[in-house]
Amino acid sequence: MSKQSVSHAYRAGIFHCLADPTSTATPEEAYEYYADGILVINDEGKVERLGPADQILPTLPSGFPITTYPNAIITPGFIDTHNHFPQTEMIAAFGEQLLDWLETYTFPTESKFQSLEYAQQVAGVYLDELLRNGTTTAMAFSSVHAESAEALFKEAYQRDMCLITGKVLMDRHAPETVRDTPEAGCTQSRTLIEQWHGKGRLHYAVTPRFAITSTPEQLEAAGHLLKEYDGLYMQTHLSENHKEIAWISELFPERCHYLDVYDHYGLVGPRSVFAHGIHLCEDEIQRLARQDAAISFCPTSNLFLGSGLFNLKQMKQHKVKVSLGSDVGAGTSFSMLQTLNEAYKVTQMRGDKLSPFESFYLATLAGAETLQLDDQLGNFLPGKEADFIVLDLHSTPLMQYRMNNCNNVFETLFVLCILGDDRNIKETFVKGISRHQRDQATH
């Protein structure tokens, strides 16, 4: 599963978040930044300590291994709280909005995942792409086929990654090749849960695609399944598209709104992550906050499919947990830096501003909080698992030129959010083990 880790120190600029910058009296209370810092990782792949190089270096034993990265910043690994691994091969599919896009591209592509061999091949590409883009933890949809979740769990376990997935539950309004039944969906889910949930750093999510493609019987079964095992997650979609919401009203006329459908079946709680949440009414927002459920903000797919502009400020005002999702393949990049670029533009279009401190919070600690893993991930507090990335500040000539004109960490992080992409990811570490190193010959 993993190479043997050894104690090691890493020297570079170091940045991590301690809290949501919008919740502290000053931005400086929400983060720590060391222009010349040392991050010490122990032989269990956990953070031992962090601080200024001039303070930590004299305390290290003679000969202690140190890797120095010039012109770089070390941050926690990115946490992507919503994407679809079977859609890796159909990213950048042209010209539809949500419901037509599903029929035209998604369902035909996902039908291939009944083959375990095929699913394993795509899972390898998908996980390697996450690591290449600095994402060390992901919450992902598999397809309706148990083989797809099996393949993704297996590949993630070999990389010792923190990964949450589940086979999709979908028993109507879809082609036969991507449908199950309430009974088969639960039986297959139980088998996967008992084999993979809690193994290594893996977790299971009960995964109804959305209420349109699940009958009331299947949603009820999903709610029962969620209660059967400790620590399960629930992931689905919510209020992404106006036509979707209208169809929900037709299918569930007895429910007062979209979220009420999920709530009625016991699917709204502290471990529930709803993708999108663009077109929510006041009661839905208040209910999300009251029940401690989370929204995954997916700006690249929301723009690509023409779904709408997420209201981040409104969610924060109501204290709804929000993190960031790439939503590949409607999302247009595995890169969380590019996702932050689009998030900034979405907030601009709403007349708000997204600071780089809040951006990095959304991509790291907020994801850990959404997944209730902030005791293990999301920053560099001692004892946390050492998932981290090295961001190259000179990855391109333009990036180097612009960085030379940055006066502080605010500017540096903002440039990364706007100009950054996979080329900035110099190295990705999972529990202290290097799992990706950028090929210098290609840059």
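Basis for what follows: all heavy atoms, side chains included, without hydrogens, waters or symmetry-related copies.
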Measuring only between side-chain heavy atoms, which start at C-beta, is [X] closer than 4.5 Å to [Y]?
X      : Y      : answer
Leu259 : Leu280 : no
Leu413 : Phe15  : yes
Lys243 : Leu98  : no
Phe334 : Asn83  : no
Glu427 : Ile389 : no
Asp160 : Ile433 : no
Asp387 : Pro76  : no
Asn302 : Val346 : no

Is the number of heavy atoms from other residues, nucleotides or ligands within 6.0 Å of [atom1] ([X]) greater than 12?
X      : atom1 : answer
Lys319 : NZ    : no
Lys199 : NZ    : yes
Asp230 : CG    : no

To the nearest 0.5 Å, how far apart are [atom1] in [X] and [atom2] in [Y]?
X      : Y      : atom1 : atom2 : result
His436 : Leu131 : NE2   : CG    : 8.0 Å
Ile245 : His242 : CD1   : NE2   : 6.5 Å
Tyr10  : Ser434 : OH    : OG    : 7.5 Å

Please state whether the rings of [X] and [Y] are parallel, tilted or perpendicular, taking 30° and 60° as the class boundaries.
X      : Y      : result
His84  : His237 : parallel
His82  : His276 : perpendicular
Phe357 : Tyr31  : parallel

Would you say [X]'s side chain and [Y]'s backbone share a donor-acceptor pair under 3.5 angstrom?
X      : Y      : value
Arg438 : Arg423 : yes
Tyr204 : Lys167 : yes
Thr236 : Arg209 : yes
Lys384 : Asp374 : yes
Ser272 : Leu267 : yes
Thr135 : Thr137 : no
Tyr105 : Phe94  : yes
Ser148 : Ser143 : yes
Asp292 : Pro270 : no
Gln87  : Gly329 : yes

Phe274 vs Gln235, side chain to side chain contact (heavy atoms under 4.5 Å, CB included): CA-CA, chis, key distance, verdict
CA-CA 6 Å; Phe274 296 93; Gln235 60 176 344; over 6 Å; no

Show, in sequence, the C-alpha distance, side-chain angles and deciding distance for His203 and His197, and conclude whether the side chain to side chain contact (heavy atoms under 4.5 Å, CB included) test is met.
CA-CA 5 Å; His203 306 271; His197 183 56; 4.1 Å; yes

Is the closest basic N to carboxylate O distance between [X] and [Y] below 4.0 Å?
X      : Y      : answer
Lys431 : Glu44  : no
Arg350 : Asp352 : no
Asp260 : Arg287 : yes
Arg132 : Asp128 : no
Arg201 : Glu385 : yes
Glu155 : Arg159 : yes

Taking side chain to side chain contact (heavy atoms under 4.5 Å, CB included) as the criterion, tell me which of [options] meets it with [X].
X      : options                       : value
Phe388 : Asn379, Leu39, Thr428         : Leu39
Met403 : Leu419, Asn71, Leu393, Leu398 : Leu393
Leu337 : Asp422, Ile418, Asn424        : Asn424

Side-chain donor-acceptor contact under 3.5 Å, [X] with [Y]:
X      : Y      : value
Thr300 : Glu342 : no
His264 : Glu220 : no
Glu194 : Tyr229 : yes
Glu244 : Tyr258 : yes
His16  : Thr364 : no

Stepwise side chain to side chain contact (heavy atoms under 4.5 Å, CB included) check, Val125 with Thr88:
CA-CA 8 Å; Val125 173; Thr88 300; 4.3 Å; yes

Below 6.0 angstrom between ring centroids: does that apply to Phe85 and Phe141?
no

Would the Phe414 and Tyr344 ring centres measure less than 6.0 Å apart?
yes

Minimum heavy-atom distance between Ala205 and Met139, given as atom pair plus value:
CB-CE, 4.1 Å

All heavy atoms of Cys162 vs all of Leu377, minimum pair found to be SG-CD1, 3.9 Å

Residue pairs passing the salt bridge (charged side-chain N to carboxylate O under 4.0 Å, His left out) test with at least one member in residues 18-40, sequence neighbours excluded, are Arg11-Asp36, Asp20-Lys316

For Gln218, side chain to side chain donor-acceptor pair (under 3.5 Å) partners two or more places apart
Asp180, Ser214

Partners passing salt bridge (Lys or Arg N to Asp or Glu O under 4.0 Å) against Glu228 (at least two apart in sequence or in another chain)
Arg190

May I have the step-by-step check of side chain to side chain contact (heavy atoms under 4.5 Å, CB included) for Val47 and Ile41, ending in yes or no?
CA-CA 5 Å; Val47 176; Ile41 308 302; 4.2 Å; yes

With Asp80 as reference, evaluate Ser323, Ser296, Ser326 under the side chain to side chain donor-acceptor pair (under 3.5 Å) test and give the passing residue.
Ser326

Do the numbers put Lys426 on top of the ring of Tyr69, so that NZ or CZ is under 6.0 Å from the six-membered ring centre and no more than 45° off the axis?
no

Steps toward salt bridge (charged side-chain N to carboxylate O under 4.0 Å, His left out) verdict (Lys353, Glu358):
CA-CA 10 Å; Lys353 292 191 184 302; Glu358 189 176 356; over 6 Å; no

